[in-house]
Amino acid sequence: MKKTFPKNWQHGENEAEIYKNWETKGFFKPETVEKNSKKQETITKKITNSKSQIPNENEENPNAKDQKLEIRNLKFEILAKPFVIAMPPPNVTGRLHIGHALGTTLQDLMTRYHRLQGQSALYVPGMDHAGIATQSVVDKYLRKQNINKNEIGREKFVAEVWKWKEQYGGTILEQLRALGASCDWSREKFTLDEEMSAAVRKAFVHLYEKNLIYCGEYIVNWCPKCGTAIADDEVEHQTQKAKLYFFKYDKNFPITIATTRPETKLGDVAVAVNPSDERYKKFVGQSFDVEIDGIKRKIKVIADRTVDQKFGTGAVGLTPAHSMIDWRIAEENNLPKIKVIDEHGRLVNVGEKYSGLKVLEAREKLVEYLSSENLLEKTEEIENNLAICYRCGGAIEPLPSLQWFVKMKPLAVAAKEAVSSGKIKIIPKRFEKVYFHWLDNIRDWCISRQLWWGQQIPVFYKKQEFEIKDQRSKIKNLENISDLGNLSNLDEKDIFVGETMPAGGDWVQDEDVLDTWFSSALWPFSTLGWPNESSPDLEKYFPTTVMETGYDILFFWVARMIMMSLELTGEIPFETVYLHGLVRDEKNRKMSKSLGNILDPLDLIAKYGTDALRMALVVGSTPGQDLAVGEGKIKGFRNFTNKIWNASRFVALRVTDGDLQSGELGEFRIKNSELRIMEGELSEADKKILASHEKVKASVKNHLDKFQFSLAGEELYEYFWHQFCDEYIEVAKTQLDGLPLRGTTQSDSEKIATPDGLAMTENTKKILLKILSESLIMLHPFVPFVTEAVWQELRQFTPDLAESIMIAEWPQLR
RNA sequence: GCAUCUGUAGCUCAGCGGUUAGAGCGCUUGAUUCACAUUCAAGAAGUCGCUGGUUCGAUUCCAGCCAGAUGCACCA
C-alpha cells in the first residue's frame with residue numbers, strides 16, 4: 001500500500017521514531033558517516049598509501065615521527081579536520097530546562113552542520129556526578145526512608161548513591177535525545193566512571209609533583225549546612241538588612257568599633273584604622289589587654305590604608321580567622337589568628353559561657369552583656385551583602401581549615417596566553433576581558449570537599465593514632481604549618497601521594513573528595529582517553545573544536561579546562577569558546593518558580609515539536625546576550641515547520657503527478673536523476689529563484705562558519721517561506737500547467753503536446769526538487785526532524801538522495 | 001569601588017558609516033473549495049535613550065550624561 005502525505009506535519013507521531021532510526025543506523029557515530037562518505041574513501045586510500053611508505057618504526061628512522069605528523073595533517077587537509085564538541089555534562093540529578101535546550105540545540109546545530117560538510121563530526125555526551133548536589137539529593141531521598149547516612153557509613157552511602165544514579169540519574173540524557181542531539185552515545189561518559197577517575201588521580205599526582213597542589217590551613221569559605229569547604233566562585237552574595245553594633249571591648253579600651261557580627265569579636269586580635277585618620281593616630285602601634293565578658297585578648301592597634309574612615313567609627317576590629325580581608329591584614333602584620341567558630345557553626349575557644357553556642361545565640365548573649373555593661377553605644381540599620389552557598393543558599397562562615405589547594409597563578413599565566421595569542425577564541429570577544437580580569441585576580445583554588453560522593457583525594461597515610469587531618473599537616477609541600485598538636489611521631493615516609501594505594505602496611509586514604517569541577521576541568525580530554533597517550537580518539541579528536549556553554553560558567557569551568565589542558569596535555573582543549581546567554585521569559589524576566597514563568601522544554605516539545613523549539617531558541621540568540629522566549633515565538637516556528645512539510649508535500653505530489661487531495665504520490669519520475677536544469681528554458685521567475693538560492697547558500701554557509709546561527713536561521717526562514725513558497729511555488733503552479741489535470745488517469749497521448757510546455761513543466765519540476773532538497777539540507781541543522789521526514793518522502797521517487805538527510809552532502813556553490 | 005552589557009515599531013529583538021531603518025508576534029483591512037487557516041495579499045505603526053564631537057554624510061564611530069541589567073571586589 002502506498003503511503004500518503006498527510007496535510008500537516010505530525011511531530012508527535014514521528015520525532016521519536018526518526019531519532020531511533022538515526023541511532024540504530026549509527027549516524028551519530030563519526031565512523032559510520034566516514035564509511036558512507038565518498039570523500040572519505042579517497043582520503044582513507046591516500047592515507048593508507050602514505051602509511052605503506054612509512055618505514056617500520058622499529059627501524060631507526062629519524063623521519064618516522066615527522067611522517068606520522070604529515071599524515072595527520074594530510075588527513076585534516078583533504079578530509080577536512082574532524083569537528084568535535086564535548087557536551088557540557090549536565091548534573092546527574094538534573095532535569096532538562098530551557099537553558100539545556102538552548103545549549104544542546106546550538107551544539108547539535110554545529111555538529112550537524114559540520115557533518116553535512118563531510119567532516120568527521122563527533123559530539124561526546126556525558127554527565128557530571130555533581131558532588132554536593134547529588135549527595136544532598138540522595139541524602140534527602142534516604143532520609144525519607146529513615147536511613148541516616150552517618151549510621152550506615154561512607155561505603156554503604158556511596159553504594160546507595162550509585163544505586164540511585166543507576167535508577168534515576170541520567171533521565172536528563174534521555175531528555176536530550178528528545179531535543180534531537182546527535183551525540184555518539186557509544187562514547188558516553190560519566191565524571192565518576194573508573195576511566196574518568198583514573199584521569200583525575202593522574203592529574204592530581206602530576207600537579208602535586210610539580211608543586212602545583214599543596215595542603216595548608218587557610219581561611220576558606222565554609223558552608224555549615226553542606227558541611228564542606230567551597231571555592232571562592234561557589235559563593236554568592238545577597239543584599240540584606242543588618243544591624244551594625246557600635247561598642248568597646250571593655251571600659252579601658254579607648255576606641256569604639258562597629259560590626260554586624262559582634263560574636264566574632266571574641267576572636268579579635270587587633271583594631272585597624274586608616275593611617276591618615278587623625279582621631280586614632282596616637283594609638284597606632286599600642287597594644288591593650290582587654291577582657292570581653294571574661295575572655296582575655298590582646299588587641300593591637302594597627303594602620304591599614306584599606307580602612308574606610310567614614311564607615312562606622314573608622315576603626316575595624318580585626319578577626320583574622322573569620323574574615324577574608326582580616327586574614328590578609330593579619331598575615332601582613334604578623335598577628336595571631338584565633339578560631340572562635342568551628343565547622344558546625346558553633347563557638348569554640350571562648351570560655352564556658354560561649355563555647356558550644358550557635359552563632360546567633362552567642363551574638364544575643366554578647367549584646368546583652370555589652371549593653372548591661374554600658375559598652376554598647378548604639379546600633380544602626382544598614383544594608384550589606386551576605387555570602388551564601390551557591391548550592392544550598394545557606395550563610396557562608398569563613399574559617400581557617402586544613403584543605404587542599406591548587407596554585408593558580410602559574411596556571412593562569414599560560415591560560416591567559418592561550419587566549420591573548422589567539423590560539424583560543426572566545427565568542428563574543430568581550431568575554432576575553434572578563435576572562436583576563438578573573439585570571440589576573442585569581443586566588444588559589446580550594447579543591448578538597450568534606451563529602452563522600454566524588455573522587456577521593458589520592459593521598460595515603462600510614463595508619464596511626466593521629467587523625468588524618470593531623471597527618472595531612474606533615475605533607476611535604478604544606479604551605480602553612482599550624483600548631484595542630486602532637487605530630488612528632490609522624491614521618492614523611494608515612495605519607496604517600498600516588499594513583500594507587502601503596503602495597504603492604506596499613507594505609508588509609510585521605511577522607512576528602514575533590515571538587516566536582518576538578519574532574520570537569522579534564523572533560524575535553526579525559527572523555528577521549530587521556531591519560532592514555534595511545535588512545536586513538538585522543539589522537540584523532542583532540543584538541544576539540546568548539547566549547548559551547550553558558551557565560552555563567554566561564555570561570556567555574558571554561559577557564560579551568562584551559563588551565564588543566566595546557567598543564568596536563570600541553571595543548572589547548574578547544575579552539576573556540578562560544579558562550580550563549582540566559583534564556584528569559586517573553587517579558588525578559590528571569591525564569592523562576594516563584595514567578596511561575598518557567599517554560600518546560602518537554603511540554604513545549606510535546607505541544608509544538610522539537611524543531612519549533614530549536615528554531616525559536618536559535619533565532620534571536622546572539623552570543624553572550626540573554627534571550628527572551630515566549631510561547632508565541634515557538635508557535636510561530638511550529639507554523640514554519642508545517643510550512644516546510646506542506647511545501648514539500650506540494651512539490652512531491654506535483655513532481656510525481658500525484659493527488660493533492662488524498663496526498664497519494666503519482667507514478668511520474670524525472671528521468672534525469674541528476675536534476676540537470678535546462679538553462680535555455682528558464683523563465684524570469686526561475687532565474688530569480690535560482691539566483692536567490694545561490695545567494696542564500698553562500699550567505700548561510702558564511703553565517704554558520706562565523707557562528708552567526710541566528711542570522712543563518714532567519715535568512716533561511718525568510719528565503720524558504722517568502723521567496724520559495726510565497727513567490728516561486730505560486731508561479732510554479734502556472735508553469736507546471738503544461739501538463740494534464742492533476743490526479744487524472746489520462747494517457748500520454750492526451751497530454752498537451754507543445755514541446756515548450758513540456759520542457760517548461762519538466763524544468764519547473766527539476767527546479768522545485770533542486771531548491772527543495774538543497775534547502776532541506778541547509779535547514780536540517782536547525783530543524784532536523786521535519787527535514788528528515790520530508791527527505792524520506794522525497795526518496796520514494798528520487799532514489800539518488802542519500803539514505804538520510806543527516807549524511808547528505810551540503811549543497812555546493814555553483 | 002572596578003568593569004561589562006543593553007537602550008531601535010505596542011511587545012521581543014535583528015541590523016548598519018551611505019537611497020525610503022528591518023523581522024517575528026500583536027494590530028487594521030481584505031481573500032479563500034485550487035499544498036498549508038499552522039494559509040495568502042495589502043496596510044498602519046519608529047525623533048534608532050539624551051547631548052555634544054568626528055565626517056560630505058551618524059541609528060551605526062568617539063566622548064559625556066540618563067535609564068535598566070550583569071560580573072568582580074568589598075561589605076568591618
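In what follows, chains are A, B, ... by sequence order, proteins preceding strands, each numbered from 1. This structure is a prediction, so every number in the text was calculated from the model and none was measured.
A 6.0 Å sphere centred on NZ of A:K243 holds no more than 12 heavy atoms belonging to other residues, nucleotides or ligands.
The separation of B:A67 from B:U55, taken at their C1' atoms, amounts to 29 Å, rounded to a whole angstrom. On the C1' atoms, B:C74 is 43 Å away from B:G17, given to the nearest whole Å. The same atom, P, is picked in B:A14 and in B:G24; the two are 16 Å apart, to the nearest Å. Annotation: B:A9 and B:C72 have their P atoms spaced 31 Å apart (nearest Å). For the P atom pair drawn from B:C48 and B:G22, the interatomic distance equals 14 Å after rounding to whole Å. For the C1' atom pair drawn from B:A41 and B:G57, the interatomic distance equals 37 Å after rounding to whole Å. Separating the P atom of B:A21 from that of B:G46 is a span of 12 Å, rounded to the nearest Å. Comparing the C1' positions of B:A3 and B:C11 gives an interatomic distance of 31 Å, to the nearest angstrom.
Residue A:T319 places no side-chain N or O under 4.0 Å from the OP1 or OP2 atom of B:A76. Checking the phosphate oxygens (OP1, OP2) of B:A14, no side-chain nitrogen or oxygen of A:Q625 falls inside 4.0 Å. Side-chain N/O atoms of A:W721 include none lying less than 4.0 angstrom from OP1 or OP2 on B:C36. Contact annotation: A:N646 does not reach the phosphate of B:U39 (side-chain N/O to OP1 or OP2, under 4.0 Å). Distances shorter than 4.0 Å separate none of the side-chain N or O atoms of A:K635 from OP1 or OP2 on B:U38. Put simply, A:H722 has a side-chain N or O that comes within less than 4.0 Å of OP1 or OP2 on B:G24. Using a 4.0 Å cut-off, some side-chain N or O of A:N639 falls inside it from OP1 or OP2 of B:U39. Between A:K643 and the phosphate of B:C36, there is no side-chain N or O to OP1/OP2 separation shorter than 4.0 Å.
You won't find any donor-acceptor pair under 3.5 Å spanning the side chain of A:H437 and the base of B:C2, going by distance alone. For B:C75, the base has no donor-acceptor partner in the side chain of A:N384 [N/O atoms by modelled type, under 3.5 angstrom].
Among the heavy atoms of the strands lying under 4.0 Å from A:T260 are primed sugar atoms or P, OP1, OP2 only; no base atom is included. Within 4.0 Å (heavy atoms only), A:R638 reaches at least one base atom of the nucleic acid. Looking at heavy-atom distances under 4.0 Å, A:V629 makes no contact with the nucleic acid at all. Using a 4.0 Å heavy-atom cutoff across all strands shown, A:I382 reaches no nucleic acid atom at all. Contact annotation for A:E631: no contact, since no heavy-atom pair falls under 4.0 Å across all strands. Among the protein residues, A:A628 comes within range of the sugar-phosphate backbone only, with heavy atoms under 4.0 Å from sugar or phosphate atoms but none that close to a base. Within the 4.0 angstrom heavy-atom criterion, only backbone atoms of the sugar-phosphate kind lie near A:D726; the bases stay farther away. No contact: A:G312 has no heavy atom under 4.0 Å from any strand.
In this structure, the NZ atom of A:K433 is 14 Å from the P atom of B:C2, given to the nearest Å. In this structure, CZ of A:R261 is placed 9 Å from P of B:A76, rounded to the nearest angstrom. Taking atom CD1 on A:I729 and atom C1' on B:C40, their separation rounds to 13 Å, with Å as the unit. What separates NE2 of A:H322 from P of B:C74 is a distance of 17 Å, to the nearest Å.
Ring centers of A:Y719 and A:F724: at least 6.0 Å apart, outside the cut-off.
Here B:U60 sits opposite no nucleotide as a Watson-Crick or G-U wobble pair (both hydrogen-bonding atom distances under 3.5 Å). In a base pair of the Watson-Crick type (N1 to N3 plus N6-O4 or O6-N4) or a G-U wobble (N1-O2 and O6-N3), with each distance short of 3.5 Å, B:C36 is matched with no nucleotide. Nucleotide B:G43 forms a Watson-Crick or G-U wobble pair with B:C27, both donor-acceptor distances falling under 3.5 Å. Applying the Watson-Crick and G-U wobble criteria (two distances, each under 3.5 Å), B:G7 pairs with B:C66. As the counterpart of B:U19, no nucleotide is assigned, since no Watson-Crick or G-U wobble pattern has both distances under 3.5 Å. Base pairing of B:A76 is not made with any nucleotide, judged by Watson-Crick or G-U wobble geometry with both donor-acceptor distances under 3.5 Å.
Cation-pi geometry between A:K378 and A:F246 is satisfied (NZ or CZ under 6.0 Å from the ring centre, within 45° of the ring normal). For the pair A:K733 and A:Y728, the cation does not sit on the ring face, since its NZ or CZ is not both under 6.0 Å from the ring centre and inside 45° of the axis. Judged by a 6.0 Å distance limit and a 45° cone about the ring axis, A:K765 is positioned over the six-membered ring of A:F668.
In plain terms, the two heavy atoms of A:G317 and A:Y249 that are nearest each other are CA-OH, 3.4 Å.
The 5' end of RNA chain B is approached more closely, in terms of each residue's nearest nucleotide, by A:K7 than by the other of A:V434 and A:K7. Mapping A:F555 and A:G636 onto RNA chain B by nearest heavy atom places A:G636 at the nucleotide closer to the 5' end.
Using a distance-only test at 3.5 Å, with no hydrogens or angles considered, no donor-acceptor pair links the side chain of A:H11 to the main chain of A:D611.
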Decide side-chain contact (heavy atoms from CB on, under 4.5 Å) for A:V301 and A:K281; before the verdict, give the C-alpha distance in whole Å, the side-chain angles of both, and the deciding distance to 0.1 Å. CA-CA 9 Å; A:V301 180; A:K281 254 186 183 162; over 6 Å; no
